[in-house]
Amino acid sequence: MSKQIAIDGPAGAGKSTIAKRVAADLSYIYIDTGAMYRSIGLYMLRNGIDIHDRDKVEIESENADVSLSYVDGNLHVFLNGEDVSNEIRKEEVGNAASVVSAYPLVRRNLTELQRRLAKKENVVMDGRDIGTCVLPDAFLKIYLTASPEVRGERRYRELMDKGESPDLDRIIEDIKKRDQADMNREISPLRKADDAVEVDSSDMTIDEVVNRIESLI
Ligand code: DC
């Protein structure tokens, strides 16, 4: 049977950086489930579909084929065969993903895809509901958090490095709003699984978080 590690937590906690490092150290496959929801969000934005119209989004989502594949050792995300790995990182796509991820059919289809992938290979999978819903039998579950202020500052620095001029207070507000939406939706809300280990990365370096997780393994 394949081995599974689940890493859940709020936006900006560093899940993908940490999950990638742990996966590389263990020679497991890294699976970014947020990228899948972002691809569905992008499909709706590109096709001018009102993301708040649940019925329409659910019907249209059946036409959005999402797949993951490794290119030169990096995980890439494809939407109907097109590599959208960069485009899905935009702020508006993340916000659209947060809205469409609340819809039952969208979640059902992506959950099935995620379980299929995890059956085939040893995986480190990150998201919001991996430990609670997608992979309840994962042998290690991590709930990775950091304060909204620390997460906001990390995002602020990333944007500065890209040459943008972000507004820190606005970023922190957006993070808090996203937390509210992800934690309070009806289906598979973000929450710590009962058997997950909580790791607060607010005052930890990336290496320290990776070491902590690997010591748990
Ligand atoms: O981790 P991220 O920022 O790329 O995720 C984008 C959105 O997708 C997030 O706001 C909530 C949703 N999501 C989800 O509902 N379930 C997951 N397993 C992963 C992401």
Side-chain angles (χ1 to χ4, degrees), residues 4-20 23 29-45 51-52 54 57-58 61 64 66 68 74-79 84-118 123-136 138 141-146 148 150-152 154-156 158-159 171-193 196 201:
Q4 305 162 345
I5 297 175
I7 303 184
D8 290 300
K15 297 186 298 292
S16 64
T17 308
I18 302 297
K20 262 183 227 161
I29 301 287
Y30 163 57
I31 296 179
D32 175 357
T33 63
M36 299 177 179
Y37 288 97
R38 284 171 180 266
S39 301
I40 299 290
L42 175 63
Y43 180 88
M44 302 304 152
L45 294 178
I51 54 170
H52 298 286
R54 169 179 147 179
V57 168
E58 291 198 327
S61 69
V66 178
L68 300 183
N74 292 313
L75 184 73
H76 283 240
V77 192
F78 294 83
L79 173 61
V84 292
S85 311
N86 288 328
E87 211 177 335
I88 56 165
R89 293 298 148 207
K90 291 183 184 158
E91 216 64 41
E92 71 258 30
V93 179
N95 290 333
S98 184
V99 175
V100 302
S101 65
Y103 301 148
L105 188 65
V106 172
R107 294 210 76 79
R108 201 184 71 198
N109 288 340
L110 290 185
T111 299
E112 271 173 19
L113 171 63
Q114 291 153 12
R115 286 184 179 146
R116 266 202 311 277
L117 293 171
V123 296
V124 179
M125 192 178 278
D126 79 353
R128 302 291 188 289
D129 62 336
I130 310 306
T132 53
C133 168
V134 180
L135 304 176
K141 298 179 185 178
I142 302 293
Y143 190 77
L144 187 64
T145 60
V150 168
R151 288 185 278 138
R154 288 177 185 160
R155 180 79 189 129
Y156 174 81
E158 266 171 32
L159 293 171
I171 292 176
I172 294 173
E173 269 322 296
D174 281 351
I175 281 181
K176 287 181 180 167
K177 255 193 243 158
R178 181 93 76 87
D179 286 356
Q180 283 302 315
D182 292 347
M183 288 172 176
N184 293 306
R185 67 173 176 231
E186 242 165 76
I187 312 168
S188 307
L190 169 64
R191 70 172 178 82
K192 177 183 164 297
S201 73

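For ligands, and for the atoms within them, numbers begin at 1 and follow the listed sequence. What's counted below: heavy atoms across the whole structure, side chains too, no hydrogens, waters or symmetry copies.
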Short N/O distance, under 3.5 Å, between [X] and ligand 1?
X	value
Asp182	yes
Thr33	yes
Arg178	yes
Asp129	yes

Nearest-contact summary for [atom] - protein heavy atom, Å:
atom	answer
atom 16 (N) of ligand 1	Arg107 NH2, 3.0 Å
atom 3 (O) of ligand 1	Arg38 NH2, 3.0 Å
atom 1 (O) of ligand 1	Arg128 NH1, 2.9 Å
atom 8 (O) of ligand 1	Tyr37 CB, 3.5 Å
atom 7 (C) of ligand 1	Ala97 CB, 3.8 Å

Should the proximity of [X] to ligand 1, defined as any heavy atom under 4.0 Å, be assigned to the side chain, the backbone, both, or neither?
X	value
Gln114	neither
Met36	neither
Ser98	both

I'd like to know if the side chain of Ser85 and the backbone of Val77 have a donor-acceptor N/O pair within less than 3.5 Å. yes
In the structure I gave you, are the side-chain heavy atoms of Ser16 and Tyr30 within less than 4.5 Å of one another anywhere? yes
Check Leu135 against Lys141 and note the closest heavy-atom contact, atom names and distance. O-CE, 3.9 Å
After noting the C-alpha distance and the side-chain angles of Asp129 and Arg107, does the key distance pass the salt bridge (charged side-chain N to carboxylate O under 4.0 Å, His left out) rule? CA-CA 10 Å; Asp129 62 336; Arg107 294 210 76 79; 2.9 Å; yes
Enumerated ligand 1 atoms positioned under 4.0 Å from heavy atoms of Ser101: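 Reading through ligand 1 atom by atom, the close ones are 11 (C), 12 (C), 15 (O).
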Using side-chain hydrogen bond (donor to acceptor under 3.5 Å, both in side chains) as the criterion, point out the one residue from Ser101, Ser98, Ser188 that pairs with Asp182.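 For Asp182, the side-chain hydrogen bond (donor to acceptor under 3.5 Å, both in side chains) check succeeds only for Ser98.
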Salt-bridge contact Glu112-Arg115 (side-chain N to carboxylate O under 4.0 Å): no
Any Lys/Arg nitrogen of Glu91 or Arg155 sitting under 4.0 Å from an Asp/Glu carboxylate oxygen of the other?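 Yes, charged N to carboxylate O under 4.0 Å.
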Testing the 3.5 Å rule here: is there a donor-acceptor pair between the side chains of Ser201 and Arg154? yes
For Lys15, which of Val124, Thr33, Asp126, Asp32 qualifies under side-chain contact (heavy atoms from CB on, under 4.5 Å)? Asp126
